[in-house]
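Input: a single structure, listed below in structure tokens.
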2 protein chains.
Amino acid sequence: MKAVGLVAEYNPLHNGHLYHLKMAKQITKADVTVAVMSGNFTQRAEPTILDKWQRTKEALSVGVDLVVELPMQYAVQPAHLFASGALSLLDSLQIDDFVFGAEHPDWDFNSLVQAENKFESTDFSKYNATYATAFNNQLIEHTGISLTEPNDILAFGYTKAKLKSKLSVNLHPVKRVGSAYHDEKIDDTSSISSASAIRKAVKNGSAGFESLVPEQTAVDLKELKDVNDWNDLYPLLRYQLIQAPLNYLAQTYQMSEGLEHRLKQAAQRASDFDAFMRLAKSKRYTYSRIQRVCLYALLQISDEQMQIKNKQLYLRILGFNHLGQEYLHQIKKTVKIPIITKVDQKSRDGQLQLDYRAGKLYEQLSGVEQDMRRRPIIV
Amino acid sequence: MKAVGLVAEYNPLHNGHLYHLKMAKQITKADVTVAVMSGNFTQRAEPTILDKWQRTKEALSVGVDLVVELPMQYAVQPAHLFASGALSLLDSLQIDDFVFGAEHPDWDFNSLVQAENKFESTDFSKYNATYATAFNNQLIEHTGISLTEPNDILAFGYTKAKLKSKLSVNLHPVKRVGSAYHDEKIDDTSSISSASAIRKAVKNGSAGFESLVPEQTAVDLKELKDVNDWNDLYPLLRYQLIQAPLNYLAQTYQMSEGLEHRLKQAAQRASDFDAFMRLAKSKRYTYSRIQRVCLYALLQISDEQMQIKNKQLYLRILGFNHLGQEYLHQIKKTVKIPIITKVDQKSRDGQLQLDYRAGKLYEQLSGVEQDMRRRPIIV
């Protein structure tokens, strides 16, 4: 069986994702579709609008054959780490082709990646700018192209990861359709809107999002009582930043340059998340970067722990249909990393610890246990 | 000026405390009354029904002249440590007399304390019982008396602390009147009920508590929107017990004998505090002991930090009237420990760190800042 891979957050799964899935099958003529999906937190470190099981069910309902969880240690990361983690997982799944959206699918991403070899090394303290800006200044200088849109940045990351690890998978960037990633307004003239526009409509109780999502998503979103976001996590974050000693916070993954002082002071003063972010934000760090560090601090993930976890790949199966099952059976004997279908006490405290803890944090918002006693969804 | 000292939680201040205050003045003929009061958490590690500033105002309104905060590191402790911390503070305040309630004021507490010298050393693992039980078995053997009621236990603690530190303060146990400490029902035939009965009535919105408390307390209790308890702290406790590594939890003050494993497992399973306590409780530990360890874990107080803090006494002034001010002025030059009337950044991060953090935790329930920019109440 020939497999095509997808990487998605499905937050929530909408018509744009349907188009992506259709294109993937059409371009590659694959027999089976495998999606690597973020768990309960997005790349920007936000809790997903629906949990990973609901989103798996939605994916299976539209014809994805196998859904695998992108572990927390890759899912909540800057684009290049997200991309290389996701691609490693697809490679372990022995897929032939990988189809992903890009704002500029026609760009020669191989050349862009190779241009990086000519860059001067970036001195953060000298530039006093975010890495993205410093990187782009050099990219423009060497190629005339600026990498600013989120899916282009991921496409660059996938290409770079493929070249670096010399993977055989074929990369197929396809044009993203419909609204831009960050658009917060629903486009009335299209059946495709951005995920953030849909989330906003759901949060505000606005009508109109039903026609933008497949049936299962519409059902799930209509049943949703509350759209959880960082405002709901803030009491826990505030608690932790105030009570934990500075030297403990300083060990947090990506807590660099004394950022723990800034975050502690902001938490001591701010009683809501927006006020906190206004105090915490600086020119040096993007909003996403701060939000990710906050999630790492909440999950008490140390730098050391993240380095260890990053070396331990595994395939956490969230759901499949008969085709997905057949494919799993086909690759099972040659897959080099553990395939996990249930969480026991050992994996909870070991391999899956970060996913488990991220799931427990999510459970504090949703009330629904995410890992223990949960089995893959089979349709 | 001759001063009499009191030690109280005033949770809330009720008619029983008025009687105590009246007796203290009557017995000692003191010119000035000094109360050492717990801050925002009680000895049993529960958040107080009203904050320390409201309770200070109430104390001043009924004729206490000076209110000093019993630091968190003494206030939330087993009886013997609570008693010795409170007595040290009263001694620093140079009081002549100390009046406290006891269920059995006629007992010869000096002899009870001296009997302890004859005890065999207690082997916990052998007895597999709480310390209190083991202690009482020996006390009965040597004196025929069993120390089971909370104020008798404190009276024993004060006496022991006085003898140990050879303090000159005169101890005056007085009979507690009205309902017993643990009574949860209001006694309709008396103007005195226990603090816990009053708190319960307030929580349930029952009428009838107004006649059991002085006017200022009644005003404060009627304005209270919510009676905060461990159910409100549980999301934070659950978060911390799940997310913090076992070796970090193990460093918590009084987290002994691998209790961190038991608490983590209970938190992973229990979605509310009652369910948590049912899972956490064992024969070895009293309910209060578990609750205190939970508060220490929440405040992330290590054993090491507590040992350091216990050596640093200070007088945190919460409020006074003109007599209290005069008395402070009189003793100021000879007081051997720092007198603190406002919290600055240095004391926030140093000396007062535990009180500050306990205040921030309380603020997460009440919404009211407890230390920064707060000044003593002057009436």
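Chain letters run A, B, ... following the sequence lines, proteins first and then strands; every chain starts at 1. Treat the numbers as computed from the prediction; the structure is a model and nothing was measured.
Using a 4.5 Å cut-off between heavy atoms, A:Leu298 touches chain B through backbone and side chain atoms alike.
Heavy atoms only, all atoms of each residue included: B:Tyr248 and A:Ala244 are closest at OH-CA, 4.4 Å. For the pair A:Leu299 and B:Tyr239, the tightest heavy-atom approach, listed with the atom from each and the gap, is N-OH, 4.5 Å.
A salt bridge between A:Arg238 and B:Glu363 is present, with a side-chain N of the basic residue lying under 4.0 Å from a carboxylate O of the acidic one.
In the displayed structure, A:Lys342 atom NZ is contacted under 6.0 Å by at most 12 heavy atoms of other residues, nucleotides or ligands. The environment of NZ in A:Lys57 is sparse: at most 12 heavy-atom neighbours from other residues, nucleotides or ligands sit within 6.0 Å.
Here the rule is side-chain contact (heavy atoms from CB on, under 4.5 Å) with B:Gln243, and of A:Gln364, A:Gln240, A:Gln300 only A:Gln300 fits it.
If you take CG on B:Leu361 and CD1 on A:Ile242, they are separated by 9.0 Å, rounding to the nearest 0.5 Å.
Top candidate by heavy-atom pairs under 4.5 Å with chain A, chosen from B:Arg357, B:Arg348, B:Gln305, B:Met372, is B:Arg357.
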